Amino acid sequence: MLPKNWVSAEIGLVCHLINGKAFKPSDWVEEGMPIVRIQNLNNPRAPYNYFNGEVAEKFLIDNGALLFAWSGTPGTSFGAHIWNGGPAVLNQHIFKIEVDENWINKSFLRYAINQKLQELIGKAHGGAGLRHITKGKFEQTEILLPPINEQHRIVKKTDALLDQSQRTKEALVAISALLDQYRQSVLLAAFCGDLTADWRESRDNLVPIEKVVRQLKMRQLENVVSSSESIKIAAISNAPEETASDLLPNSWAYIKLENLASSFKYGSSKKSSSSGKVPVLRMGNIQNGELDWSNLVYTSDPTEIGKYSLTFGDVLFNRTNSPELVGKTAVYLGGRVAIYAGYLIRIRTLNELDPEFLAFCLNSPMGRDYCWRVKSDGVNQSNINAKKLAAFEVPLCSKEEQKIIVHRIKNLFSVIENVRHLVDDAIRKNTILKNSILAKAFRGELVSQDLTDEPANMLLEHIRLRRKERENLKKTSKSMEGKRMAQKKRRIRTISVLDTLKQANIPLSTQDLLAQAGYPNDVSTDQLELFFLEVREQLKRGTITRNRRGEEDIFALAR
């Protein structure tokens, strides 16, 4: 049921739509007027293309322009916006919406259109990824209109409430960003020794790092089966680390990962299937330092399963990905049988290195910085091979302290995630509140109604009358222009090309021939086409000739 004095009206009745100009990439320049594209409406930080040529006035916009993005991806592209970015030119796929502001408040119309956005998207053409709303469907969509004074009151109240809602959302998003920073701070503190400084101070019998390293070397040498292996292990163990261990607590030291792992192995390169016996973990299954068991692919090949099956504690390192994500790491903690794909490296650590300690370390700012420094960059992806991974220097402490660090990181991360859930829930509720504000506004419940306001049906009559006046004026202007053109055409008195050359009795250039045949300087395109048709016909008959003189064509009577 409509609120009192409100009406339902088609969008096309209350406004005039102008689509933006179809710019080509060759039109873009470094400086000039910014070209407003859909991404510039949805993201204030999106870069602009520029244009410095002539453009029709209808494509120009400035602050306060009402715009509607009618093409793109549902949920991100479509929507009405008030432009506040200064003078600019409008790109295609965006309507400039012109209204008579005596009867329609632009901001109210923006709210009214956006309240119908899901209905409009439902009418859009195209696939799930890229769709568009036709001008006809847009114009036929009905919106609710109150009296103009009530429109102003609704906009004032809605703007105030939504501004408060936006400030709340920004504060919540800022908290979420702080949580990400705190998470990184925890990892930073963990691997420089700060996170467990109190634990070390309370201990009288800390295991010296030299003892840990000595035991590590002895155990490696005990397992050798040849003298060449022994020489290789000794060489690796004696190779100096690049990072100075004096930056760490006394009971810590930097040790290369190749000294702390029994193997580095690339995953399966065989194509997986959408179903099968055993899941194949890929780079997308490593999320936020953990294994994500959604969006899985599978294998049933017994050879692949035997060769690449994971064991509890295996560390998976993403060796190929975008520059920002390459090197992300997680630990396989069992639960179900799985193998791993070729873009991953499986690391099996020795007893002296806790797998979860290593994974947290590789995901820490120190580990991410190392990955950024050693990655090899391709066109769209970066790569870190096993050799570079093995050279990573782990800030090693006793196994006991590693366990304490892993425990404290998990506890702090749990607190962070609990707070994040509360923040996400608050953001969700804030969105619901925003929608309820708009719903209340269009039920006529947000502001008080004034029965002395002129009813909205009269508003529509004013709009219809004004539109009819414009249409009549346009018809009159077009008729007068037609009459002027007809009079102009009638005033042109021309003679044939052949007679002109006979009267001149000398060869004539194209411009001279036009002038002496009676064509004015502002000759119409249609008249000009008739002249050249006649020239071509006389040339074809052989009654006249054409020769070149410099840059000009010269016409003469045939001899």
Side-chain angles (χ1 to χ4, degrees), residues 9-23 27-29 31-73 76-117 120-121 124 132-139 141 143-146 148 151-152 154-156 158-160 162-163 166 438 441 459 462-463 466-467 470 474:
E10 291 184 351
I11 291 174
L13 177 63
V14 300
C15 65
H16 174 61
L17 304 178
I18 299 172
N19 193 24
K21 179 177 172 61
F23 290 98
D27 295 327
W28 301 344
V29 292
E31 296 179 351
M33 292 278 281
I35 300 171
V36 177
R37 298 177 293 165
I38 290 174
Q39 51 263 55
N40 302 120
L41 298 180
N42 294 306
N43 179 11
R45 295 181 296 276
Y48 287 97
N49 294 322
Y50 295 87
F51 181 70
N52 61 8
E54 294 293 325
V55 65
E57 185 177 354
K58 66 179 181 178
F59 299 127
L60 298 176
I61 60 171
D62 207 336
N63 291 339
L66 177 58
L67 309 174
F68 180 74
W70 53 267
S71 180
T73 305
T76 59
S77 301
F78 296 100
H81 306 262
I82 298 293
W83 176 251
N84 288 307
V89 290
L90 194 63
N91 196 46
Q92 63 179 337
H93 302 144
I94 304 173
F95 289 135
K96 177 166 69 171
I97 303 176
E98 295 184 334
V99 298
D100 188 334
E101 294 186 70
N102 290 310
W103 315 114
I104 300 294
N105 182 297
K106 280 185 181 178
S107 293
F108 178 86
L109 183 55
R110 175 193 167 222
Y111 287 137
I113 291 170
N114 284 340
Q115 203 224 3
K116 292 283 188 173
L117 204 53
L120 286 164
I121 291 172
H132 65 273
I133 301 167
T134 64
K135 184 180 180 184
K137 292 286 179 66
F138 183 63
E139 289 179 325
T141 301
I143 57 173
L144 299 182
L145 281 178
I148 183 62
Q151 290 180 40
H152 295 323
I154 288 172
V155 167
K156 184 177 180 180
T158 303
D159 282 350
L162 292 185
D163 183 60
Q166 181 62 24
L438 291 175
L459 174 153
H462 290 304
I463 292 173
R466 180 62 181 149
R467 174 172 287 191
R470 285 198 303 268
K474 189 175 180 180

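Owing to the predicted nature of the structure, the values given are computational and were not obtained by experimental measurement.
Of all non-hydrogen atoms in I18 and K58, the two that sit nearest each other are CG2-O, 3.8 Å. Of all non-hydrogen atoms in P87 and D62, the two that sit nearest each other are N-OD1, 3.4 Å. Nearest heavy atoms, I38 versus S71: CD1-O, 2.9 Å. Residue N63 comes nearest to G86 through the heavy atom pair OD1-N, 2.7 Å, listed as atom of the first residue, atom of the second, then distance. Counting all heavy atoms, side chain and backbone alike, N40 lies closest to P47 at ND2-O, 3.1 Å. Of all heavy-atom pairs between G32 and N52, the closest is CA-CB, 4.3 Å.
Looking at I463, D100, I104, I97 one by one, the single match for side chain to side chain contact (heavy atoms under 4.5 Å, CB included) with C15 turns out to be I97.
Using modelled atom types, one finds a donor on one side chain and an acceptor on the other under 3.5 Å when comparing N19 with W70. A donor-acceptor contact closer than 3.5 angstrom links the side chains of D159 and Y111.
Checking side-chain atoms of Q151 against main-chain N and O of W103 turns up a donor-acceptor pair under 3.5 Å. Between the side chain of R37 and the backbone N or O of Q92, no donor-acceptor pair lies under 3.5 Å. Using modelled atom types, one side-chain atom of T134 and one backbone atom of K137 make a donor-acceptor pair closer than 3.5 Å. Here the side chain of N91 pairs no donor or acceptor atom with the backbone of A22 at under 3.5 angstrom. Under a 3.5 Å cut-off, the side chain of E98 and the backbone N or O of L17 do not form any donor-acceptor pair. No side-chain donor-acceptor contact under 3.5 Å links R110 to the backbone of N105.
Between L145 and L459, some side-chain heavy-atom pair lies under the 4.5 Å cut-off. The shortest distance between side-chain heavy atoms of I35 and W28 falls below 4.5 Å. Between K21 and L90 the shortest side-chain heavy-atom distance does not fall below 4.5 Å. Side-chain atoms of K96 and L66, non-hydrogen and from C-beta on, never get closer than 4.5 Å to each other. Residues T76 and N42 fail the side-chain proximity criterion, which asks for heavy atoms closer than 4.5 Å. Residues L120 and I113 meet the side-chain proximity criterion, which asks for heavy atoms closer than 4.5 Å. In this structure, E10 and T141 have side chains that are not in contact, with every pair of non-hydrogen atoms separated by 4.5 Å or more. Between I143 and L109, the closest side-chain pair of non-hydrogen atoms falls below 4.5 Å.
Atoms CZ and CZ, from F78 and F138 in turn, are 11.5 Å apart once rounded to the nearest 0.5 Å. Note: I133 CD1 to H93 NE2 = 12.5 Å, rounded to the nearest 0.5 Å. The CD1 atom of I11 sits 9.0 Å away from atom CD of E139, with the distance rounded to the nearest 0.5 Å. Note that the NE2 atom of H16 and the CZ atom of F95 stand 11.0 Å from one another [nearest 0.5 Å]. With values rounded to the nearest 0.5 angstrom, Y50 atom OH is found 16.0 Å from D27 atom CG. To the nearest 0.5 Å, atoms CG (L162) and CD (Q166) are separated by 9.0 Å.
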Item to check | Evaluation steps, side chain to side chain contact (heavy atoms under 4.5 Å, CB included), between F68 and I94 | outcome: CA-CA 5 Å; F68 180 74; I94 304 173; 5.9 Å; no
Checklist entry - Would L60 and V89 count as a side chain to side chain contact (heavy atoms under 4.5 Å, CB included) if you check the C-alpha gap in whole Å, the side-chain angles of each, and the deciding distance to 0.1 Å? => result CA-CA 5 Å; L60 298 176; V89 290; 3.5 Å; yes
